[in-house]
A.B. asks: 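Got a structure here, written out as structure tokens. Questions coming.
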Amino acid sequence: MTRKRLLVPEARQGMDLLKARVMRENGYTTQSPEQVKYEVAQEKNIALKKGYNGQLTSAEAGQVGGPIGGHMVKELVRMAQENIVKDNQ
């Protein structure tokens, strides 16, 4: 499995923890960030398997990745806004 490379590799653990927390807060039970995509795929009735998934359409891949990425982006924006407010106090 290929992981997207972070600009700061040392941030991987923090991002994985954030992903696990955000997905838990949005009703997913899987604790492992790597397993969340399988839980989302199962919920959406998409046949995602470990390894190569070339049989998936772009729409199916988006249905799996979209909720994960969308929740992550919303949380990162919320955190940034919170930090801006703190910095301006």
A.B. asks: How would you list, by chain and number, every residue that makes a side-chain contact (heavy atoms from CB on, under 4.5 Å) with Thr57, sequence neighbours excluded?
C.D. replies: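 Counting only residues at least two positions away or on another chain, Thr57 forms a side-chain contact (heavy atoms from CB on, under 4.5 Å) with Ala59, Glu60.
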A.B. asks: Compare all side-chain heavy atoms of Pro67 with those of Lys44 and state whether any distance is below 4.5 angstrom.
C.D. replies: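 The answer is yes, as the side chains (C-beta and beyond) meet within the 4.5 Å cut-off.
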A.B. asks: Looking at CD of Glu39 and CD1 of Ile68, how far apart are the two atoms once the value is rounded to the nearest 0.5 Å?
C.D. replies: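 Between Glu39 CD and Ile68 CD1, I get 9.5 Å after rounding to 0.5 Å.
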A.B. asks: Nearest 0.5 Å, what's the CZ-OG1 distance between Arg24 and Thr29?
C.D. replies: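 If I round to the nearest 0.5 Å, the distance is 10.5 Å.
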A.B. asks: So, for Leu56 and Ile46, which heavy atoms are closest and what is the spacing to 0.1 Å?
C.D. replies: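 Looks like CD2-CG2, 3.7 Å.
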A.B. asks: Clusters formed by hydrophobic residues whose side-chain heavy atoms approach within less than 4.5 Å: which one holds Ile84, and what are its other members?
C.D. replies: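 Under the 4.5 Å side-chain rule, Ile84 groups with nothing.
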A.B. asks: Apply side-chain contact (heavy atoms from CB on, under 4.5 Å) to Gln35 and list each qualifying residue two or more places apart in sequence or on a separate chain.
C.D. replies: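 Only Thr30, Ser32, Tyr38, Lys50 meet the side-chain contact (heavy atoms from CB on, under 4.5 Å) criterion with Gln35.
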A.B. asks: Can you list every pair that meets side chain to side chain donor-acceptor pair (under 3.5 Å) and has a residue in residues 70-86, with sequence neighbours left out?
C.D. replies: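 Non-adjacent pairs meeting side chain to side chain donor-acceptor pair (under 3.5 Å): Arg21-Glu75, Asn26-His71, Glu75-Arg78, Arg78-Glu82.
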A.B. asks: Looking only at heavy atoms, what is the nearest atom pair of Leu18 and Met72, with distance?
C.D. replies: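 The answer is CD2-CE, 4.0 Å.
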A.B. asks: Show the nearest heavy-atom pair for residues Met15 and Leu76, with the distance to one decimal.
C.D. replies: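 Answer, listing the atom of Met15 first, then Leu76: CE-CD1, 4.5 Å.
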A.B. asks: Among residues at least two apart in sequence or on other chains, which ones pass side-chain hydrogen bond (donor to acceptor under 3.5 Å, both in side chains) with Ser58?
C.D. replies: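 Once residues adjacent in sequence are excluded, Ser58 has no partner under the side-chain hydrogen bond (donor to acceptor under 3.5 Å, both in side chains) criterion.
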A.B. asks: For Gln55, check side-chain contact (heavy atoms from CB on, under 4.5 Å) against everything at least two apart and list the hits.
C.D. replies: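 Once residues adjacent in sequence are excluded, the partners of Gln55 under the side-chain contact (heavy atoms from CB on, under 4.5 Å) criterion are Lys49, Asn53.
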